Structure formats: structure tokens, C-alpha cells
Amino acid sequence: MVEAQSRVLRLVLLLLPALLAPPALCMPEGDAPASYAGAQLLRVNASTPDHKDTLKRLEESGAVELWSGIVSHKKTVDVLVKPDKEQEVKQKLRKVRAEYAIVINNLQDAIQNENPVISEEEMLLLEGRKGHRMTWHSYHRISDLHGYLDFLAQTYPQLCSVITIGNSVEGRPLKVLKISPPGSTGQKAIWIDGGIHAREWISPASVSFALKELVENFEAHFHGQESTLGSMDWYFLPIANPDGYEHTHSRDRLWRKNRLDAHKGSCAGTDLNRNFGYRWGGQGSSRDPCREIYAGRSAFSEPESAAISNFVKSKASIMKAYVTFHSYGQYILYPWGYDRKVPPDYRDLNRVGQKMAQAIRAVGGSSYTVGSSATTLYPASGGSDDWAKGSAKIKYTYTVELRDTGRYGFILPAEYITPTGKEALAAIKVVAEAASQEP
Ligand SMILES: [Zn+2]
């Protein structure tokens, strides 16, 4: 009898996230989850204009997806090729004598090896022992992550609280964890978000790692002799694109956009990081809904980007820093993204950016390149960072591209969560220190 009861309890606990999740209103019916069996990740030498043009044309025709984009200072491009296009793509590359290496031979295998399954026993043990289901040795569903934010607010009510700043297209909450240290004057604040792009799983994992450290190891991080970190409020939005994130877990690991018009299959979704309202619709964004960089119907047409901007704008006078985490490439980028230009105070941004990179190395982390967004990578308009700097006038605005540099790309194995999370935390603390010293 006891045995049967505990089995029922286990079942209920296991099903709980699914029962609590909002109904998937717009899921295309009957579609099997996307398979990447036989898909390859190629590193293509693109050192001549001929090479680059060929890659651009292949991308526009939908034959490949450029994971790393065509970056001016880099000689190679990471290119995803599905098996039905392999012949055509390789033929065209050979024709212009673009050399390539196969980095991942079968993407589906990489996807299967990326995230170790947590056993039912371990999950129940965790829940019982810690009061939540989050770990940082695997990538979790949104219910675990949101459950963890609620757990922190309940466990440390003097220190933090959860604010829902809006809802996604499919009605999922955009949950922000606010940390308000006892020494905070409420006159300064820092914003940190992750997961605007759905498939960049390391971003929500690292952002949640950083907030876990700051809350659960509060003394260690806030009570240093010189530290002024405790003098301001912190706002964390670990999953800015909850629908897209769930879609990457349930249907298509490589989905990037939000889930607007989900019935439109591969033409669904808006790129939320092209939907912000500063220089919206310019270079590096598209009006074509089928493209990965679709800017949306208008600036802030999407509830996710609108909610972020409304919330941040309401605190713009106290917001001193805005850090948004993406992957991959290991870059610390400051505005502008819309063009190869820099804001008047770019020296300050560069100086603090370099300090972030040093701090990352000092915690045993990897090497990050610092520079302005459009010059270091490529122009992209409608990004949240340009809006934060240009419209909300937030001084220390950064986009951080986390690990790696292309060995695994978006499919970074879960064993890298903790080391990457430590890098994110080190970077955040440097920005926060600079922010806290702003007038
Ligand atoms: Zn991204």
C-alpha cells in the first residue's frame, strides 16, 4: 500500500511540470520533432570575397545555416548543412576552392549527448533535499528554472522577490528575480537577461548559475571590504524567450526566434533580438518572416521585447547597466550593433569590457574578445543592447557571447555549464562594480 502510494506520488511529481505548464496553443499538430540525423557542422574557410558570396547565396537559398555569421576579422565560418543539401553545398564550395573541415559529423548524435538525462530517483532526491529541481550539471526545462526562482524568493524573502513583467506569445510568464541587498539605496540598479535566442541554452543556465551564487552565497559576494555591489538592486530575467526555449526542448533543438504564428512552421517566429526599437529594421535584420533574423511586423511588435523594454524603461533613471547573455563565440560586445560606429563614451565601455575579460581569465575561464558589436562581429539592427544604450540611455550596456568558439557551438555539453556560469558571474560582478560607482 505504502509502495503504491509512493509510486503515485512519484508519478504526480514527475507530471507536475507538464500539468502546470500553459497549454501549447499553437503547436503544429502531428509534426515529429525535428531531426538532425546526418546534418553536419562544417568550418569553412571564407578568406576571399568569392567564398563569402558563395556562403551568402547558399544561406539565402536555405541550403545552409551560418551558425557563426560572416565575421570580418575571422577567416572561417561555421556552417550547418542538412544531409539533403550536402552534395550541392560541398560541390559549390569546391567550385570556389573554399576548404572546409567537418567539425560535427552527425548533429543528432551531438544533440543526444549534450544533456544527460536526470533519473527519476535523482530528481526526487533533489526536490526532497533542496526544495527545488534545478542543477547546474544538466539543462533544465522552464518549470524547473522558474520553480527555482520561486524557491529563492520563498527561502530568502528579505533578499529577493519574483516579478512577472509580462507574458510570452503563448502566455508563459516572463519571470524576473529581483535581488535587493540590505545596503541597497534603491537609487541604482543593474539588468541582466538570458535566453532571448531560444537555442542558446548555455545562456539561461549561466545566468541562473550567477543568480544562484549571488543569493545562496550572498556573504561571499557582497561583503568584501571594498565591495559596493550591495548598494544597488539587481534584476535577472534568465529566460527572455520562454516559448522558444520550450520549443527547443520539445520540438526543435535549433529554434532561435519566439513562437509568433506557430502554425507557420519554419516561417513562424520573430527574432526578438531584431525587434527592439532603436534603429529598428536596418542592416543585419530582415522583413521576411521565414528568415532567422526576421525583425517582426514593427518595433516591439512582440510581447516579450515589449515587456522587457517597458519594465527597463520604467526604471531607466536608476538603471546603470544592462547585460544580455547569448552564445556562442566568447565575445564581450558593446554598442553599436546597427552600424560600425561607437557611442561617445566607448572608451569607458571598452575599459570595463577589458576588465570583464580579465576577471573571466582570473577565475580560470576562457579567452573573450572585447569590442564594439558591429565591428567585432557584423551589423545587426534592432538588438536589445542598442535600445538599452540608445533609447534607455543606460551607460554600461553589453552583449556577452558565452562559450564556446565553435567546437560544439550551440550544442555545448552540459558539463560546461558550471565553468561557463563562473565566467558569466565574474563578468557581471565587474559591470556591477562599475555601475555602482556611476553618479
Ligand atoms: Zn543570440
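Remember, it's a predicted structure, so these values are computed and weren't measured experimentally. Ligands are counted one by one from 1 in listed order, and the atoms in each one are counted from 1 as well.
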Checklist entry - Parallel under 30°, tilted from 30 to 60°, perpendicular over 60°: which one fits the rings of Y235 and F311? => result perpendicular
Item to check | Salt-bridge criterion met for K188 and E438 (N-O under 4.0 Å) | outcome: no
Checklist outcome for this item: ang(OE1 E200, the Zn ion (ligand 1), ND1 H197) rounded to 10° is 110°
Checklist entry - Which of these, D271, N273, N258, sits in a side chain to side chain donor-acceptor pair (under 3.5 Å) with H197? => result D271
Item to check | the Zn ion (ligand 1) contact by E401, N, O or S atom under 2.8 Å | outcome: no
Item to check | N/O/S atom name from H326 that is nearest to the position of the Zn ion (ligand 1) | outcome: ND1
Item to check | Salt-bridge contact E86-K82 (side-chain N to carboxylate O under 4.0 Å) | outcome: no
